[in-house]
Amino acid sequence: MKVAFFSAKPYEKSFFEDANRSRHYSLNYLDIPLNVHTANLAKGADVVCIFVNDKADAKVIKVLGQNGIRLIALRCAGYNNVDLSACREEGIQVVRVPAYSPYSVAEHTVALILTLNRKTHRAYNRVKEGNFSLDGLMGFDLHGKTVGMIGLGKIGLITAKILKGFGCRVLGYDIAEDKEAKQIGVEYVSLQELLHTSDIISLHCPLTPQTHHIINKETISQMKKGVMIINTGRGALIDAKAAIRGLKNEHIGYMGLDVYEEEADLFFEDLSEKVIKDDVFMRLLTFPNVLITGHQAFFTQNAMHNIAETTLQSIHEYEQKLPLTNQVKV
Ligand code: NAD
């Protein structure tokens with residue numbers, strides 16, 4: 001099997017090389033993203049392996065189809081960047097890694113909550129400069145606070161368990177109720193009630209037409225004043241311009257983002273010497289109560305190991321014409 005591996009990063013290679021030791025696939029690491037300009041680089045490969053910000057839209061899928069690609073292996077859980085109906089037309093199957101480590105994302109979610117609340121990032125810099133003043137560093141007890149989770153799947157459930165450990169009340173809004181979530185004391189409520197009641201709102205649903213901009217001007221206005229919003233799901237769950245308005249009028253008290261709607265032009269690259277032209281993103285960075293990480297919630301050794309193993313196992317199943325365990329229905 002020849003695999004065109006788009007958006008390859010040095011830190012991924014060692015995990016994929018380890019997983020490939022017994023399989024001997026030909027992995028062609030390309031350090032550029034998949035898009036309409038690069039899709040022809042897949043020529044000669046059997047499989048295209050992509051990540052969250054590779055763009056597999058209808059035009060790209062057509063080029064991949066013309067080049068004989070019959071499998072797209074996403075080395076991530078979300079598949080909102082793949083045009084599934086175009087895949088169906090081209091006869092391309094799609095696999096993903098549905099659960100590589102829900103702990104990685106859940107724990108990062110809690111890291112964002114704790115950092116925003118207790119301001120450890122600011123304290124770190126202050127103390128380094130010999131400034132031991134506590135002004136501006138006051139937080140609140142998480143114990144007794146109400147956290148609203150939008151989406152209680154694998155990641156949402158683990159996040160809820162951790163927050164229960166802190167003594168939080170956890171509310172859940174989901175299109176399907178989960179038995180285990182109920183057992184640990186998650187209270188399912190309507191979206192409206194969740195928005196009205198929560199001190200912290202955390203997003204763990206997939207990006208779909210129904211959840212696109214689920215956090216918008218209208219839903220923000222229904223939240224408690226001073227609410228903390230955390231997004232480790234997908235950027236477009238939040239209308240960033242509406243969030244900026246909410247931050248400016250101080251309705252939103254804190255915001256922690258690991259994802260951003262236009263992140264494809266920014267994240268995973270070192271742009272420290274470049275001029276960033278995204279004014280919305282730059283405005284978000286100016287708020288002292290906004291904390292942004294560059295889509296790193298998944299990024300643990302355990303997750304990387306599982307991503308590599310599951311992806312190559314899917315390619316093995318495809319090669320052997322076995323049922324594809326992690327197939328995305330196209
Ligand atoms: P999952 O499929 O196990 O859970 C998603 C949950 O969202 C399900 O319970 C589902 O019923 C619910 N849901 C679907 N549509 C909804 C709607 N309209 N309203 C409310 N709830 C809805 O997925 P997961 O593994 O828990 O991952 C959740 C999301 O996290 C992924 O879709 C992905 O976008 C994101 N993610 C981010 C990172 C990161 O590094 N930041 C890593 C992995 C996943």
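None of the values given here were measured: they were computed from a predicted structure. When a ligand or atom number is given, it counts from 1 through the structure's own listing order.
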Please list, in number order, the atoms of ligand 1 under 4.0 Å from a heavy atom of [X].
{"X": "Tyr173", "answer": "19 (N), 20 (C)"}
{"X": "Leu152", "answer": "9 (O)"}
{"X": "Asp258", "answer": "39 (C), 40 (O), 41 (N)"}
{"X": "His295", "answer": "39 (C), 40 (O), 41 (N)"}
{"X": "Phe298", "answer": "40 (O)"}

Heavy-atom contact check, 4.0 Å cutoff: does Pro102 meet ligand 1?
no
Options [options], ranked by nearest heavy atom to [atom], top entry:
{"atom": "atom 29 (C) of ligand 1", "options": "Gly78, Cys205, Gly151", "value": "Cys205"}
{"atom": "atom 13 (N) of ligand 1", "options": "Ala106, Ala181, Pro206", "value": "Pro206"}
{"atom": "atom 9 (O) of ligand 1", "options": "Val97, Asp174, Leu237, Ile155", "value": "Asp174"}
{"atom": "atom 34 (O) of ligand 1", "options": "His212, Glu177, Arg96, Arg234", "value": "Arg234"}

Does atom NZ (Lys13) have a neighbourhood of more than 12 heavy atoms from anything else shown, all under 6.0 Å?
yes
Are any of the N or O atoms of [X] closer than 3.5 Å to those of ligand 1?
{"X": "Thr232", "answer": "yes"}
{"X": "Tyr100", "answer": "no"}
{"X": "Val105", "answer": "no"}

Minimum-distance protein heavy atom relative to atom 18 (N) of ligand 1:
Thr211 CG2, 3.2 Å
Protein heavy-atom partner closest to atom 28 (C) of ligand 1 - residue, atom, separation in Å:
His204 O, 3.3 Å
Using the ring centroid of each side chain, check whether Phe268 and His295 are separated by less than 6.0 Å.
yes
Validation row, ring centre Phe16 to ring centre Phe5 under 6.0 Å
yes
Per-residue contact class, Lys154 against ligand 1 - non-hydrogen pairs under 4.0 Å:
both
Judged by modelled atom types alone, do [X] and [Y] share a side-chain donor-acceptor pair under 3.5 Å?
{"X": "Asp54", "Y": "Ser7", "value": "yes"}
{"X": "Arg23", "Y": "Gln313", "value": "yes"}
{"X": "Ser202", "Y": "His204", "value": "yes"}
{"X": "Thr38", "Y": "Asn40", "value": "no"}

When you measure from the side chain of Asn326 to the backbone N and O of Val95, does any donor-acceptor pair fall under 3.5 Å?
no
Charged N to carboxylate O below 4.0 Å: is that the case for Lys225 and Glu250?
no
Is the shortest distance from a Lys or Arg side-chain nitrogen in Lys277 or Glu262 to a carboxylate oxygen in the other one below 4.0 Å?
no
Counting only non-hydrogen atoms of the protein, does one fall under 4.0 Å from atom 31 (C) of ligand 1?
no
